[in-house]
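Here is the structure we will look at, set down as structure tokens.
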Amino acid sequence: MKKMFASDFDNTLYFHGIEPRIRRETVGAILRFQAAGHLFGLCPGRPVRGLEGYCAGLFCPDFIIGSSGAVILDAGGRTLIEHTILPDVILEIAEMGIERHFVGAVHLDGRFFMLNREDLAGQFPD
């Protein structure tokens, strides 16, 4: 039976401030898992682009589920699924954040927008 496993990234698989950032025994376990015919992926809350570089030379994820499930890429970096939020909804969320003094962010088209700013109108493509 083929298995599929996805790991969170920051401070679960990849550790900031220590070396090596990804533990050798973890890399070995991932490689053995993949060699047995199973699929290993990353499931970070952050955007997917650029994550591959952190694993380069260690292992190649079979898939990446990024932005808390909004985007799923295959091992070749091809987008399999992508869910988006309409610009009007993002602006509404931003307005609520300003009114309630909370900070939020959205990743869009390779850019990162902070939603606690009043000058977001016109920033998002239709």
Side-chain angles (χ1 to χ4, degrees):
M1 173 188 288
K2 192 169 206 163
K3 297 177 184 176
M4 182 181 235
F5 183 84
S7 173
D8 184 31
F9 192 72
D10 293 297
N11 296 316
T12 301
L13 179 68
Y14 183 90
F15 293 89
H16 303 271
I18 64 169
E19 292 295 334
R21 306 282 172 143
I22 300 176
R23 294 184 175 129
R24 288 180 188 89
E25 54 272 13
T26 302
V27 172
I30 291 167
L31 294 174
R32 288 189 301 277
F33 185 77
Q34 290 177 312
H38 306 303
L39 301 175
F40 177 81
L42 303 175
C43 188
R46 62 160 87 179
V48 295
R49 298 294 175 204
L51 280 176
E52 306 93 333
Y54 292 100
C55 307
L58 301 174
F59 65 89
C60 179
D62 295 299
F63 59 93
I64 300 174
I65 302 169
S67 299
S68 299
V71 179
I72 299 177
L73 304 182
D74 67 9
R78 291 177 295 274
T79 302
L80 301 176
I81 296 172
E82 183 174 27
H83 300 284
T84 59
I85 299 174
L86 296 172
D88 290 345
V89 174
I90 294 171
L91 291 173
E92 187 176 333
I93 293 168
E95 288 171 13
M96 287 181 354
I98 291 167
E99 292 168 6
R100 295 184 176 119
H101 306 289
F102 73 78
V103 177
V106 65
H107 177 259
L108 173 72
D109 231 8
R111 295 181 292 167
F112 200 69
F113 294 94
M114 297 305 292
L115 297 181
N116 63 333
R117 296 178 36 213
E118 295 181 14
D119 60 343
L120 288 175
Q123 294 284 325
F124 304 105
D126 292 329

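We're numbering straight along the sequence, starting at 1.
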For this session: Go through the structure and list residues passing salt bridge (charged side-chain N to carboxylate O under 4.0 Å, His left out) with E19, not counting sequence neighbours.
Result: R21

Problem set entry | Minimum heavy-atom distance D10-H16, with the two atoms named | OD1-NE2, 2.8 Å

Exercise. Side-chain heavy atoms under 4.5 angstrom apart, residues restricted to Ile, Leu, Val, Met, Phe, Trp, Tyr: same cluster for F5 and I72?
Worked result: no

For this session: Using salt bridge (charged side-chain N to carboxylate O under 4.0 Å, His left out) as the criterion, list what pairs up with R78, not counting sequence neighbours.
Result: D74

Exercise. Are M4 and I81 connected in the hydrophobic side-chain network, where two residues link if heavy atoms are under 4.5 Å apart?
Worked result: yes

For this session: Look up atom CD1 in I22 and atom CD1 in I30, then write down how far apart they are to the nearest 0.5 Å.
Result: 7.0 Å

Exercise. Do you know the tightest heavy-atom contact between M1 and H38?
Worked result: O-CE1, 3.4 Å

Problem set entry | Same apolar cluster: L42 and V71, side chain cutoff 4.5 Å | yes

Exercise answer: donor-acceptor pairs, residues 55-64 side-chain atoms, under 3.5 Å, sequence neighbours excluded:
| from | atom 1 | to | atom 2 | distance (Å) |
| --- | --- | --- | --- | --- |
| D62 | OD2 | Q34 | NE2 | 2.9 |
| D62 | OD2 | F40 | N | 2.8 |

Exercise. How close do P44 and D8 get, heavy atom to heavy atom, and via which atoms?
Worked result: CA-OD1, 4.0 Å

Exercise. Are L13 and Y54 connected in the hydrophobic side-chain network, where two residues link if heavy atoms are under 4.5 Å apart?
Worked result: yes

Exercise. Are L80 and I65 connected, step by step, through hydrophobic side chains (Ile, Leu, Val, Met, Phe, Trp, Tyr) whose heavy atoms are closer than 4.5 Å?
Worked result: yes

